[in-house]
Amino acid sequence: MKIVACMLLSLFLTSAWAGDVYWQRGMTDARHEITVYRSATCGCCKGWVAHLREHNFDVTDITVEDLAPYKTRYRVPPRAASCHTAVVDGVVIEGHVPAQDIKRLLSSEHDVRLLTVPAMPSGTPGMDTPGSPKHDFKVYAITRDERIDVFSAYADY
């Protein structure tokens, strides 16, 4: 009986976490392998991983006790930090970066070493549960020579 109850609860929670349809725009068939480091207890990280999978990313999902060593290893500046860190094709992805932005970067010539959505803005992929407010946010790019640029900006989405 407990197993059935857990399965039903799991199905409910999965459907309750269904992302905003806005983030389904711009899906492509391009596939990329990405490794995500996250806390096992973080629900929004699970939502972001689901978002990546919906966009045809082959995700290696690694749960860890402490993310600090990964942020240090991949040189994530404290002001750029969020709740999970990922690596795809040599580029570090920090936080709730939309899959569309990751694919746009990977399909272009670039010298970006890190894309980040600092903190955890409500409405971003993984932070977009039904009824959540949609806060304006920016995706920042940090280049290999440490220049910081706005890669994308989202408002009124």
Side-chain angles (χ1 to χ4, degrees), residues 17-130 132-157:
W17 200 276
D20 190 312
V21 295
Y22 182 86
W23 301 120
Q24 294 174 3
R25 295 178 178 184
M27 287 187 170
T28 69
D29 292 333
R31 298 194 77 84
H32 298 277
E33 291 182 7
I34 188 168
T35 301
V36 178
Y37 303 95
R38 65 173 182 84
S39 166
T41 59
C42 186
C44 67
C45 295
K46 293 175 190 174
W48 187 70
V49 166
H51 167 72
L52 294 176
R53 288 185 171 132
E54 288 172 356
H55 282 267
N56 296 316
F57 281 86
D58 297 318
V59 181
T60 300
D61 184 13
I62 300 174
T63 56
V64 297
E65 293 295 320
D66 183 9
L67 284 164
Y70 298 92
K71 294 184 187 311
T72 300
R73 177 189 308 164
Y74 296 116
R75 299 177 23 234
V76 176
R79 289 182 44 196
S82 186
C83 58
H84 52 261
T85 303
V87 181
V88 57
D89 293 351
V91 177
V92 178
I93 309 296
E94 181 70 14
H96 295 268
V97 176
Q100 299 91 323
D101 287 329
I102 298 169
K103 285 189 171 184
R104 182 166 61 96
L105 176 73
L106 296 176
S107 70
S108 67
E109 293 282 327
H110 66 85
D111 66 343
V112 172
R113 70 170 191 83
L114 184 143
L115 279 182
T116 181
V117 173
M120 298 166 60
S122 183
T124 57
M127 296 289 293
D128 57 341
T129 54
S132 297
K134 295 181 178 183
H135 295 155
D136 297 351
F137 70 97
K138 294 178 181 171
V139 178
Y140 295 93
I142 301 177
T143 62
R144 298 194 193 294
D145 63 359
E146 301 302 319
R147 189 179 71 247
I148 301 171
D149 295 310
V150 174
F151 187 78
S152 294
Y154 294 89
D156 301 318
Y157 56 97

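Taking Asp145 as the reference, Thr143 meet the side chain to side chain donor-acceptor pair (under 3.5 Å) condition, with sequence neighbours excluded. Considering only residues two or more places apart in sequence or on other chains, Thr85 meets the side-chain contact (heavy atoms from CB on, under 4.5 Å) condition with Lys71, Tyr74, Val76, Val92, Glu94. Partners of Arg113 under the salt bridge (Lys or Arg N to Asp or Glu O under 4.0 Å) rule, at least two apart in sequence or in another chain, are Glu146. In this structure, the side-chain contact (heavy atoms from CB on, under 4.5 Å) partners of Pro133, at least two apart in sequence or on a different chain, are Ser122, His135. Residues meeting the side-chain contact (heavy atoms from CB on, under 4.5 Å) test with Leu106, sequence neighbours left out: His32, Val88, Asp89, Val91, Ile102. Looking at residues two or more places apart in sequence or on another chain, you find a side-chain contact (heavy atoms from CB on, under 4.5 Å) between Pro69 and Asp66.
Residues Arg147 and Asp149 are paired through a salt bridge, judged by an N-O separation under 4.0 Å between the basic side chain and the carboxylate.
Distance check, rounded to the nearest 0.5 Å: CD1 of Ile148 to OH of Tyr140 gives 9.0 Å. Atoms NZ and NE2, from Lys103 and His55 in turn, are 7.5 Å apart once rounded to the nearest 0.5 Å. In this structure, the separation between NZ on Lys134 and CG on Asp128 is 8.5 Å, given to the nearest 0.5 Å.
Checked by atom type and distance alone, the side chain of Ser39 pairs as donor or acceptor with a backbone atom of Thr41 at under 3.5 Å.
Note on ring orientation: taking the six-membered ring where Trp is involved, the planes of Tyr154 and Tyr22 are perpendicular (angle over 60°, cut-offs 30° and 60°).
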